[in-house]
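Here is the structure we will look at, set down as structure tokens.
Heavy-atom basis, side chains included; hydrogens, waters and symmetry copies ignored. Throughout, protein chains are lettered first and strands after them, A, B, ... in sequence-line order, and every chain is numbered starting at 1.
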Amino acid sequence: MAMRYWLMKSEPNVFSIEDLKKSKVSPWDGVRNYQARNYMRDQMKLGDLAFFYHSNANPSGIAGIAKVIREGYPDHTAFDPKNIHYDPKSDLKKPTWFMVDVEFVKAARSLITLERLKEISELKEMLLLRHGRLSVQPVTAKQWKIIKKLPEWR
DNA sequence: GCCAACGTTGGC
DNA sequence: GCCAACGTTGGC
């Protein structure tokens, strides 16, 4: 199966592209939305690339690129009562929540803001612009290419 | 901090 | 299974 492209959101005051750059690798934990969970559990494959999106930021936008280096596995933070993402309904033997591991690929030289993405007419079908709240979402190869060509990467 | 959009829960 | 109430996301 061909490589897929994704967009993954994170609040930069919690975990930013700079944090990923420092740690090199990180689990993408804490996702508690079924649709996003399904993408991570079932469809994200080794080597897939994802735009790292800074949400709830000032401004929000695409800040870099990460690569999937481990496919879906149970999100252990759901089992830890002290963790902010604890979910008492998730069963160890039949976990509800899954995550992948990602590796830093690159940071954009400057943020590609949401406002800027909205101005690009070929991107108006992007899930980001249509269903704003989904925190892990697919990006088409065409959309990926358009965004990769923007001068903010250079 | 506000609030629209939208996902989840639970009573019926 | 419907849908009102409620909670969360995330732009602004």
Side-chain angles (χ1 to χ4, degrees), chain A residues 4-23 26-44 48-68 71-102 104-140 142-144 146-153:
Chain A
R4 297 184 195 229
Y5 298 102
W6 306 93
L7 181 144
M8 302 173 88
K9 295 182 187 174
S10 180
E11 303 196 15
N13 60 350
V14 177
F15 188 74
S16 71
I17 190 76
E18 290 307 314
D19 294 325
L20 182 61
K21 188 177 184 177
K22 270 179 237 155
S23 66
S26 177
W28 203 265
D29 61 11
V31 171
R32 297 293 179 267
N33 169 282
Y34 287 102
Q35 212 178 337
R37 186 278 313 263
N38 292 347
Y39 286 134
M40 291 202 292
R41 188 189 59 188
D42 306 331
Q43 297 196 31
M44 292 182 102
D48 282 2
L49 295 174
F51 287 129
F52 192 120
Y53 182 87
H54 283 178
S55 64
N56 222 338
N58 205 353
S60 296
I62 292 171
I65 293 174
K67 188 201 291 194
V68 176
E71 296 178 4
Y73 65 106
D75 180 345
H76 56 80
T77 66
F79 306 126
D80 176 5
K82 291 193 290 294
N83 193 284
I84 190 170
H85 300 298
Y86 176 57
D87 178 2
K89 294 198 292 297
S90 186
D91 178 354
L92 253 176
K93 292 197 204 74
K94 204 171 173 296
T96 307
W97 303 114
F98 286 73
M99 61 189 180
V100 297
D101 287 353
V102 299
F104 176 80
V105 174
K106 71 194 298 188
R109 225 162 58 95
S110 63
L111 189 79
I112 302 164
T113 64
L114 179 61
E115 188 186 20
R116 174 122 162 81
L117 294 168
K118 283 179 182 165
E119 284 167 0
I120 300 170
S121 62
E122 300 99 304
L123 296 180
K124 66 173 186 292
E125 297 302 315
M126 249 189 117
L127 284 178
L128 178 71
L129 307 179
R130 295 171 61 92
H131 299 286
R133 294 179 49 190
L134 189 57
S135 64
V136 174
Q137 51 180 260
V139 170
T140 68
K142 192 173 155 218
Q143 290 162 353
W144 183 271
I146 291 164
I147 293 170
K148 272 306 299 290
K149 277 193 191 141
L150 297 174
E152 282 89 336
W153 295 105

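To the nearest 0.5 Å, atom CZ of residue A:Phe15 and atom NE2 of residue A:His54 are 9.0 Å apart. For the atom pair A:Leu129 CG and A:Lys124 NZ, the distance stands at 11.0 Å (nearest 0.5 Å). Note that OG1 of A:Thr113 is 7.5 Å distant from CD of A:Glu152, once rounded to the nearest 0.5 Å.
If you take CG of A:Asn38 and P of B:dG7, they are 13 Å apart, rounded to a whole angstrom. When the P atom of C:dT8 is taken as reference, atom OH of A:Tyr34 falls 14 Å away, rounded to whole Å. At whole-Å resolution of the value, CD in A:Gln137 and P in C:dT9 are 15 Å apart. Atoms CD1 (A:Ile84) and C1' (C:dT9) sit 14 Å apart, rounded to a whole Å. Rounded to a whole Å, the CG atom of A:Asp87 is 16 Å from the P atom of C:dG7. If you measure from atom CZ of A:Arg32 to atom C1' of B:dT9, you get 18 Å, rounded to the nearest angstrom. Atom CD of A:Gln35 is separated from atom P of B:dA5 by 18 Å (rounded to the nearest Å).
Under a 3.5 Å cut-off, the side chain of A:Trp97 and the backbone N or O of A:Asp29 do not form any donor-acceptor pair. A:Thr77 places no side-chain N or O within donor-acceptor distance of the main-chain N or O of A:Asn83, the cut-off being under 3.5 Å.
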Just the atom pairs and distances: protein N or O near nucleotides 10-12 of chain C's N or O, under 3.5 Å.
from: C:dG10; atom 1: OP1; to: A:Lys9; atom 2: NZ; distance (Å): 3.0
from: C:dG10; atom 1: OP1; to: A:Arg133; atom 2: O; distance (Å): 2.7
from: C:dG11; atom 1: OP1; to: A:Tyr53; atom 2: OH; distance (Å): 2.9
from: C:dG11; atom 1: OP2; to: A:Asn56; atom 2: N; distance (Å): 2.8
from: C:dG11; atom 1: OP2; to: A:Ser60; atom 2: OG; distance (Å): 2.7
from: C:dC12; atom 1: OP1; to: A:Lys118; atom 2: NZ; distance (Å): 2.8

Quick test: give all pairs of protein nitrogen or oxygen and nucleotides 2-4 of chain C nitrogen or oxygen below 3.5 Å, distance rounded to 0.1 Å.
none

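In summary, A:Arg32 and A:Asp75 engage in a salt bridge, as defined by a charged side-chain N under 4.0 Å from a carboxylate O.
Minimum heavy-atom separation, A:Gly72 to A:Phe98: C-CD2, 4.2 Å.
The six-membered or imidazole ring of A:Phe52 lies away from that of A:Trp6, with a centre-to-centre distance of 6.0 Å or more.
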